[in-house]
Each structure stands twice: as C-alpha cells, then as structure tokens.
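In the text below, chain A, chain B and the rest are named by the order of the sequence lines, each starting its count at 1.
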Protein chains: 2
Amino acid sequence: MSEKITIYDIAKKLNITAATVSRALNNNPKIKESTRDLVIKTAASMNYKQNKLALALKSGRSNNIGVIVPRIDSNFFASVIRGIEEELQPHGYQVIICQTHEDLKRESENLYTLIDAQVDGILMSVTAVSTENDAAFRNVLEKNVPLIFFDRSKHIDGVSSVTINDFKGGYIATKHLISEGCRCIAHLSGDQSLEIFKNRFLGYKQALLDNGMLFKEEYVVPVKSSVEAGKNAVETLLQLETPPDAIFSSSDFAALGAIQELKEKNISIPKEFCVAGFSNEPFTKFMELSITSVDQSPLEMGKMSARVFLEQVDKTDTIKIEKKVVLAPELHIRKSSSRTTS
Amino acid sequence: MSEKITIYDIAKKLNITAATVSRALNNNPKIKESTRDLVIKTAASMNYKQNKLALALKSGRSNNIGVIVPRIDSNFFASVIRGIEEELQPHGYQVIICQTHEDLKRESENLYTLIDAQVDGILMSVTAVSTENDAAFRNVLEKNVPLIFFDRSKHIDGVSSVTINDFKGGYIATKHLISEGCRCIAHLSGDQSLEIFKNRFLGYKQALLDNGMLFKEEYVVPVKSSVEAGKNAVETLLQLETPPDAIFSSSDFAALGAIQELKEKNISIPKEFCVAGFSNEPFTKFMELSITSVDQSPLEMGKMSARVFLEQVDKTDTIKIEKKVVLAPELHIRKSSSRTTS
DNA sequence: TACTTTCGTGTAATCGATTACATGATTGTT
DNA sequence: AACAATCATGTAATCGATTACACGAAAGTA
C-alpha cells in the first residue's frame with residue numbers, strides 16, 4: 001500500500017525543489033547544512049528509497065553484472081559464483097545468473113540478453129571454443145562491457161581471464177602417481193578444444209617424459225565428465241595388451257566411475273591400481289576410499305574474477321588491459337593413490 | 001565503439017517521430033503496414049536494441065526477480081535455483097542471486113537491496129524463523145512485490161510457499177528402518193524453529209507410534225548439518241544404556257558423519273545398524289556404502305516456485321491468493337539400510 | 001458537395017533522478 | 001555605499017521508451 005515515495009514528494013513536503021533534495025541526499029557540498037539535515041531526516045521519516053532504475057537509466061549503469069556458466073548445480077561453478085557474489089555485493093553489484101547447459105546457442109542468447117539488460121560486466125566460463133558465437137562476443141566488446149573469463153577461457157584480444165594452472169595440475173597429479181610407484185599411467189581426457197583440458201593433458205604428458213616414462217597414445221581415453229564414461233574407459237583400458245596401473249582423470253566423476261569399475265573387476269586400490277581426479281568435488285573427500293584430486297580453489301577464482309572486473313570497470317577506457325591471472329592448483333592426496341601411507 | 005542506437009536515431013533517419021517508431025516496433029495496429037516494415041527493417045540494419053532500463057523505469061517492472069538462499073554452493077539450493085532459472089528465462093526474467101550465509105542480518109539486507117533494485121518478485125528460503133526481520137518482510141509486502149517461500153518457509157498471511165511434505169519424508173524413512181527390523185531408532189534433528197526440521201521430527205515420531213514402538217526423548221540429538229556433528233551424535237548415542245540400532249538423520253552430512261563414526265567403532269552397517277539421511281545429496285549415491293536418503297526434488301521445487309510466482313505477478317492485485325504447494329518426498333533406499341536385499 | 005468516420009502520425013507528458021546553468025540573496029572589500 | 005564574490009537554491013534538460021490526446025488527410029455517407 002505504501003505509495004512509492006520520490007524526491008518530488010519530499011520536495012513538495014518541504015517546499016523546495018527536487019533538485020535540492022537530490023543534492024542534499026548526495027551530500028553535495030553546495031547545500032546548506034541545515035537543509036541537508038532536514039531533507040535527510042524527512043526522507044527517512046517518509047521511508048524514501050532511491051529508485052535504482054531511474055538512476056540506472058540516467059547513469060547508464062545498472063549495477064548488475066551477469067555470470068554465465070554451463071550449469072549452476074555443480075559444486076565448482078556454484079562455488080565460483082559464491083566467490084563472485086561475496087566480492088561484488090559490498091560494492092553494490094547484484095549478480096545475474098545464466099546457464100548454457102553446454103549449448104552454444106544458449107550461450108549466445110545469454111550474451112545478448114545480458115547486454116540487453118544493460119549489465120555493467122559479464123563474467124563467464126565458456127561452454128566450448130568455437131567461432132559460432134563470435135558475433136555475440138563481438139557485440140559485447142563493441143558495447144564496451146567488461147568481459148572476463150574464468151576457468152574455461154577463450155582467446156580474445158583485450159579480454160582478461162582468471163584460470164588455474166591446469167598444466168601444473170596435470171603435472172603434479174601425474175608426478176604423484178609416478179612417485180607412488182605407478183609405471184603405466186593412463187589419462188581420461190576432456191574436450192581438447194578447451195584449454196583447461198588440453199593443458200591437463202599436456203601436464204600429464206610432460207610429467208611422464210620428465211620422469212623417463214613412455215607416453216602412449218592408447219593410454220589417453222576421451223571421456224565426458226560422468227560416472228558412466230569413467231566406467232567405460234576402464235573397460236577399454238583393461239583390454240589393452242599392457243593395461244595401465246594408474247589413471248589420472250581430468251574429471252572427478254569419471255575418476256569415480258573408473259574406481260567403481262575397477263572394484264567390480266576386483267582390482268585393489270591403491271595396491272594394484274591408483275587413481276587421481278580433478279576438481280576436488282566434495283564427494284572425493286567423503287568416500288570411504290577417498291579420491292585424490294586436484295583442487296581448483298573455485299571460491300578464490302570467483303573472488304579474483306570479481307576483483308579483475310572491478311579494476312576494469314572504473315578504468316577510464318584509455319588502454320584496455322588484458323590481465324591473465326593464473327591460480328596455483330593444489331593436489332589433495334587421498335586413499336585412492338596413497339600406497340606409502342596406507 | 002558502436003554508439004547506443006535509440007528509437008530517436010531511427011526516427012531521424014526515416015524522418016518520422018520516435019512515437020511512430022515505438023509503435024511500429026510494438027506492433028501497434030494503428031501503424032500503416034508499410035511504415036511498420038520499414039521501421040523494423042531499419043531498426044535491424046542499425047542494430048537497434050531496446051533499452052530495458054528505460055522500459056523498466058517507464059513500466060515500473062525490472063524483469064528481474066531476486067532469489068535469496070542461505071548459500072549457493074550446496075547441491076540442494078543450486079538445483080532449486082537451476083529450476084527457477086530454467087522456468088523463468090523463457091518468460092524474459094533474469095534471476096538475481098543473494099546469499100545469507102545463515103545470517104539474519106544478511107537476510108534483512110538482501111531483502112532491502114532487492115526491493116531497492118526494483119525486482120518484480122522475491123523467491124526465498126528463509127534462514128531462520130525469527131521476528132528480527134519482520135520489518136524487512138513487511139517492507140516487501142507493502143511494496144506489493146510477490147514473495148514466495150520455498151523449502152524453508154515462514155508463516156506470513158498472503159504469502160505462498162512451495163515445500164515438500166517433510167512430515168511424510170520423516171515418516172517413510174523411519175517406517176522403512178522399522179521394516180528393515182530396526183527396533184531402536186534415533187533421530188538427528190535440525191533447528192526446530194524451522195518447520196522443515198520440526199516436521200521431519202514429527203514424522204519420525206508418528207512412524208514410531210504408529211508401529212507400536214516407544215518414542216524416547218534421549219534418542220533425539222540436535223545436530224548442525226555437518227559431518228562432525230554426525231560423528232559426535234553417534235558418540236553420544238552409543239553411550240546410552242540402550243544404544244539405538246538405527247538413525248534417521250535430518251541431514252545427509254550428519255548421516256555421513258554418523259556412518260564414519262560407526263565404522264570406526266567397528267559396527268557393521270547395515271547388519272547391526274541402519275542409517276537414513278535427508279536431501280539426497282549427490283555423494284549419498286556415490287559412496288561404496290551408499291546412503292539411504294529422502295529426495296526433495298529440488299529442480300521441481302524451483303520450477304514450481306517459479307510457476308507460482310508467474311501466477312501471482314500478473315494477477316490484478318484483487319485478492320491475494322495464498323498458495324501452499326506441497327511436493328511429495330521420495331525415499332531412495334540404498335545400502336546403508338538395505339538388510340533384506342544385501 | 002458537405003459532413004462524418006476512420007486512419008496514421010505527430011505532440012507532449014511521463015517514469016525518477018541528476019546536473020549544467022541561471023538567479024537571487026548574502027557577505028566581503030575598498 | 002557601491003560593487004564583486006560567494007553561497008544556496010531554482011529552472012529546465014536529459015537518460016530512452018511509452019502512450020493519451022490532438023490533428024490533418026483520406027475514405028465513406030447522404
């Protein structure tokens with residue numbers, strides 16, 4: 001019922017103009033102190049609330065930022081979003097969520113929708129690397145809306161990104177398996193068009209070579225990030241002439257599937273076979289046979305992305321700084337690969 | 001670089017007025033067809049995009065809706081949000097996320113912030129039931145902004161809610177434990193000021209009574225939703241004169257902790273002791289010793305909340321309908337309580 | 001032909017807040 | 001006392017789109 005109170009209502013009540021009210025509320029130094037105090041008191045008593053939409057229209061800034069992720073119901077993305085929200089809320093920004101469901105068309109739609117909604121920035125993890133959405137990305141850049149990639153990024157001049165060092169992640173996980181005595185290490189790889197998966201693979205390969213081990217193409221099995229895919233991969237691997245004795249998986253879900261399949265085949269973990277995953281999903285720690293995994297510090301990634309955005313948003317658009325933040329991955333060693341301690 | 005194109009730019013180019021352009025773009029029947037076509041074609045060629053902020057100011061609707069949850073990085077809430085987003089996106093609404101971190105002050109701030117941002121509706125799960133935030137809630141209702149509770153709700157006249165039948169959830173889980181032969185069933189309870197936890201408890205109690213079993217106060221242990229709390233609860237319970245032989249936990253995390261502690265004490269599950277949790281968190285299914293749990297169909301809950309919102313938003317504010325949607329819980333029976341099949 | 005409808009557009013107000021510029025009041029200077 | 005500087009506030013345009021009302025032109029009617 002309480003009608004919307006505007007500065008005009010306050011002005012009328014005090015027999016002054018809306019301009020004076022506006023200035024008083026904005027602490028304009030040209031306003032007499034007594035007037036300012038009176039206006040502020042009256043505004044409070046009338047329960048006045050600034051209309052952000054009017055402000056947004058006038059200033060051209062909505063104080064909303066858009067976040068696009070493949071899906072929100074994954075611990076990783078949810079945590080990143082949590083980080084973004086925590087960092088941006090104190091600066092008065094609200095976070096608008098969009099999901100692509102791994103669909104490029106949706107990604108493009110989301111980009112246009114967010115620009116339409118006049119967001120002040122877009123933070124996103126790309127769905128896939130493709131030229132299909134180039135027009136949508138160009139549209140964002142042309143509108144001079146800060147764009148920041150996190151985790152899954154894409155090469156675009158002038159666009160900043162926050163990622164982890166996936167190469168190193170793959171490297172330390174693989175090296176750990178080697179140090180546990182594994183000699184034939186397989187890799188469950190992800191979509192190689194995405195740098196994160198490419199780099200995890202390259203880190204894996206480099207670790208093998210640096211430690212005098214052979215890299216075998218047949219040990220690399222492409223999988224989707226699912227339990228089922230991990231099971232199938234193990235079935236394939238065990239049929240090889242020389243089956244592997246360890247797996248470094250680019251996905252925790254696939255790692256879990258692999259473990260389930262190995263158990264069914266009565267292969268003992270970690271004694272006969274070691275497994276390491278990637279992402280440090282909550283369940284990896286909860287299992288009785290807990291799973292070694294590479295942590296991507298999603299909360300930190302979200303906060304960092306938010307900070308990079310804040311740096312860019314106020315920059316008088318002189319030179320566009322392309323900032324590439326790379327966070328360090330952290331290996332959490334658990335039972336699925338701990339021969340020495342178990 | 002592309003300057004913002006407005007309807008005035010289009011008007012100037014075609015030597016007509018902005019009003020005509022606006023009407024043409026909105027398919028106003030009074031516009032000559034040739035004019036309409038010309039305007040639409042020109043708008044497209046100039047890459048015109050309607051400024052939603054101007055529209056929002058004029059219409060008083062922002063096309064944003066706010067969602068407030070305790071935290072986003074929990075599978076349950078993330079899934080609900082996913083459901084909301086999927087249902088509302090096709091209707092042109094964007095979803096703004098806020099977290100309370102279980103803090104009442106944050107909850108109040110979030111409510112004010114969302115109202116300030118002129119959201120068209122607020123969908124939320126309350127942090128706790130308390131009178132502390134009454135002013136904030138009153139503020140929402142006074143502004144006539146549709147408010148809908150999901151999962152954790154609060155009694156406010158005229159406010160709709162979407163929940164699951166927690167009583168039934170507690171009932172079927174407990175009854176299942178009974179049918180597996182358990183005779184002394186304990187309960188790990190949550191914050192009893194929240195109806196969801198209260199009802200889970202009441203369902204548990206009723207199932208005991210309906211099956212001729214004694215309800216013992218000492219079998220009810222209040223816990224936080226954490227692994228640690230579950231461990232501690234088991235320690236307490238096992239020190240009782242007649243220790244229980246089963247646990248119905250109102251939280252999956254506490255159930256997990258309970259299981260871990262039972263294992264440490266070398267109590268075999270499900271043979272000597274059965275456990276059932278609540279929420280059907282992903283990990284319950286992934287464990288080798290998978291955990292029986294009550295599913296709350298979060299995706300459906302989100303979609304339903306969104307639908308209730310859509311019903312209310314266009315209602316000419318004649319009679320405020322208070323709609324209480326109650327979804328059915330579903331028990332997922334797994335190893336932690338399957339004596340018969342294992 | 002004269003007069004009424006109907007049609008298609010233009011005019012101008014509106015949503016609420018901000019702000020360059022103008023103006024009148026007050027104080028300061030010599 | 002006369003004029004300049006300073007201060008506090010008012011006036012009006014602006015952000016971009018929508019829409020009630022007005023109006024001239026074309027079509028219809030008698």
Non-neighbouring partners of [X] that pass side-chain hydrogen bond (donor to acceptor under 3.5 Å, both in side chains), sequence neighbours left out:
| X | result |
| --- | --- |
| Asn75(A) | none |
| Arg307(B) | Glu87(B) |
| Gln50(B) | none |
| Glu132(A) | none |

Worksheet item: Hey, what bend do you get for the helix from dT1(C)-dA30(D) to dT30(C)-dA1(D) if you fit axes on five pairs at each end, rounded to 10°?
Response: 60°
Fill in: Neighbours of DNA chain D within residues 51-64 of chain A, by heavy-atom distance under 4.0 Å
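Residues of residues 51-64 of chain A that come under 4.0 Å of DNA chain D are, in numerical order, Leu57(A), Lys58(A).
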In chain order, what residues pass the side chain to side chain contact (heavy atoms under 4.5 Å, CB included) check against [X], with sequence neighbours excluded?
| X | result |
| --- | --- |
| Asp103(A) | Lys105(A), Arg106(A) |
| Ser22(A) | Ile7(A), Asn26(A) |
| Thr113(B) | Gln94(A) |

Worksheet entry | DNA chain C contacts made by residues 6-14 of chain A, counting heavy atoms under 4.0 Å | Thr6(A), Ile7(A), Tyr8(A)
Practice prompt. Using a cut-off of strictly less than 4.0 Å between a heavy atom of the residue and any atom of DNA chain C, enumerate the qualifying residues of residues 32-42 of chain A by number.
Written response: none
Discussion item. At a heavy-atom distance below 4.0 Å, which nucleotide of DNA chain C is the first touched by chain B, and which is the last?
Written reply: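 Under 4.0 Å from chain B, the extent on DNA chain C is dG8(C) to dG16(C).
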